[in-house]
Amino acid sequence: DPFYQKFGVSMQVYTAETIPGATTNELSKYAKKYNMYIIFGMTEKDEAGTIKDNGVEKVYNSAAILYPNGKIDSYQKIHRAGQENKWSVTGKTPKIIETKWGKIGVDICRDGHFYPELGRYYAAMGLYNYGYSYNGKPGAIPYQIANPDLKWETVAKADIGIHAVFFERLTLEVDYYNQRTKDMIFDVPLSYTTGFGSILKNVGEMENKGIEFLINANVLRNKDFSWDVRFTGTANKNKIIKLATEKPIENTLTIRKVGEAYNTFYMPEYAGVDPETGEAMWYKGQEGDEKTKNVNEAGQRIVGSADPKFYGGFGMNFKYKGFDFSFDTSFTLGNKVYNSGFAFDMQVGHYFLGPVSNYVYDNRWQKPGDITDVPKFVAGDNSGAETNSSRFLMNGSYLRMKSMVLGYTLPKNLMNKVAIDNLRVYISADNLFTITAKDFIGFDPQTRSTGMQSWAYPVPRNIMFGLNL
């Protein structure tokens, strides 16, 4: 495969502890010869340093090979102690300390979306697009500028964590990770005199580090009653470490700048509505608190990030005799969402016969002294209130009830009379409700990692009744 020959082989290794006699030479030779990815190895030990089951030490071997054509072969074996090529040890472990390290190549993406044909073969090439006629004759236009120096991004990741079980009721997993991405691929803006708006280049380095955890607790458990709860969470810090030059990459709504998050919003900052006149205001220039009613005087500013400061979920399973109840939720905290469709839906007269949302109608400024964030509605408005700015940037934090199930299993002695072994009736609901931040306007705060959305459809709520036989 020419692509893999050009961009090389990626190897990923996860290991907690090298065991004497362990070897990966054979796998490495195969990888080099056949141009494979390899993911292998894990080590887990208890505090005593050995793990035994019925007095016999065991080891757990695992390997997965991903070929360039996408085929995956997986191997898993458990051997008794003393056998060769022991990669890792596992067993009944009350407490485990685990470390991981890996380095992989990353397929080429554009605008947060993966295009197999673009990422694997064409991203570095100059492309033409057909279907354009000129003077009545078929023609083609330049579509993508070539960059023969484009190569894979590479990601190196290391983590360390603890997995512990307390009193056979509480399971705790905590991991700290640090991931460094090099040769990052950016759409770098070009002067339109070149005929192109941007070019893909390897111009950056980025870091992600944080903590993720999982808590499972058996709160109560006896013959007739059980109650389990679970909670997962991740706190991630993202920032750009290096760009090709000291100059940031600025776009209409975003910026790539050293020291800032990759998905950082960059736009004029909205300062609200003048209570006396109802006119829209913005902060003047790129810093300071001075306000202006001329949007052209409002400089672009960093106004937040699409990355949540903390996200995760929690849930519960509850059983009492024949009754069962469970639910799962998800949440994010501290991220921003930008709705580009609001330039039309939230306009205040610029498009006089255009759409007007209920929010604008209900909250528009109407008389001196009104305190609101929606300017006055004026036919043919030219204040610039519909211009891209943080007026349409919202807090994307939310809590969603993803699923909820209530069921009842009928007593077996009753079911045996009608020759039924087991019968459970239940009602389930998906996406039952979503609690959003106070300033969020729209159907659904959950969106792409870029934080951008426009005219998003609401998540459907599903309610089902059923029988399990």
Side-chain angles (χ1 to χ4, degrees), residues 1 3-16 24 27-28 31-32 35-43 62-70 72 74 98-124 147 149-161 174-188 200-212 234-244 249 254 256-264 305-308 311 448-451:
D1 189 320
F3 179 80
Y4 287 91
Q5 291 176 4
K6 178 177 180 180
F7 292 103
V9 177
S10 170
M11 179 178 291
Q12 185 173 359
V13 181
Y14 295 102
T15 178
T24 60
L27 287 175
S28 298
K32 187 174 183 180
N35 225 357
M36 300 174 181
Y37 292 89
I38 296 182
I39 306 174
F40 62 96
M42 176 181 284
T43 301
S62 65
I65 302 177
L66 172 62
Y67 298 86
N69 64 8
I72 298 177
S74 298
E98 181 182 69
T99 61
K100 299 178 183 178
W101 176 86
K103 187 175 182 180
I104 62 175
V106 180
D107 285 307
I108 296 170
C109 298
R110 172 174 282 183
D111 299 329
H113 301 285
F114 171 61
Y115 301 91
E117 71 284 358
L118 178 64
R120 290 177 181 262
Y121 301 107
Y122 305 131
N147 181 6
D149 298 323
L150 192 68
K151 57 185 179 181
W152 272 7
E153 294 180 348
T154 57
V155 178
K157 183 176 181 180
D159 29 42
I160 182 170
V174 181
D175 290 281
Y176 170 82
Y177 60 88
N178 193 324
Q179 177 176 298
R180 184 67 66 95
T181 304
K182 296 184 178 181
D183 297 321
M184 288 179 61
I185 299 170
F186 286 101
D187 253 325
V188 178
L200 288 173
K201 286 186 175 182
N202 299 98
V203 297
E205 189 172 324
M206 182 173 67
E207 179 184 72
N208 279 286
K209 61 183 179 180
I211 295 175
E212 53 189 4
T234 300
N236 181 72
K237 176 67 174 178
N238 167 271
K239 68 176 179 179
I240 295 174
I241 303 298
K242 179 183 177 183
L243 292 174
I249 301 173
T254 61
R256 311 287 190 242
K257 182 180 179 181
V258 172
E260 299 292 339
Y262 180 81
N263 292 310
T264 294
S305 169
D307 300 332
Y311 62 92
R448 298 184 292 270
S449 61
T450 59

**Asked** Do Y262 and M184 pass the side chain to side chain contact (heavy atoms under 4.5 Å, CB included) test, and can you show the C-alpha distance, the side-chain angles, and the key distance before you say yes or no?
**Response** CA-CA 11 Å; Y262 180 81; M184 288 179 61; 3.7 Å; yes
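Closest approach of L243 to R256, counting heavy atoms only: CD1-O, 3.4 Å. When all heavy atoms are compared, the tightest approach of S305 to A261 is OG-CB, 3.7 Å.
Side-chain contact check for K201 versus I185: every heavy-atom pair is 4.5 Å or farther apart. Counting heavy atoms from C-beta outward, N202 and L150 have side chains that approach closer than 4.5 Å. The shortest distance between side-chain heavy atoms of T154 and T181 does not fall below 4.5 Å. N178 is not listed as a side-chain neighbour of K157, based on a closest heavy-atom distance of 4.5 Å or more. Taking 4.5 Å as the limit, some side-chain heavy atom of M206 sits within range of a side-chain heavy atom of N238. Using a 4.5 Å cut-off on side-chain heavy atoms (C-beta onward), I240 and E205 make no contact. Taking the side chain as every heavy atom from C-beta outward, T254 and N263 never approach each other to under 4.5 Å. In this structure, the side chains of Y176 and K209 come closer than 4.5 Å at one or more pairs of heavy atoms.
Judged by distance alone, the side chain of D175 and the main-chain N or O of E212 form no donor-acceptor pair under 3.5 Å.
Shown here are the side-chain contact (heavy atoms from CB on, under 4.5 Å) partners of E260, two or more places apart in sequence or in another chain: K257, T264, I302. Contacts of D183 classified as salt bridge (Lys or Arg N to Asp or Glu O under 4.0 Å), with partners at least two apart in sequence or in another chain: K151.
For the atom pair CD of E153 and NZ of K182, the computed distance is 13.0 Å after rounding to the nearest 0.5 Å.
Donor-acceptor pairing under 3.5 Å is recorded for the side chains of Y177 and N236.
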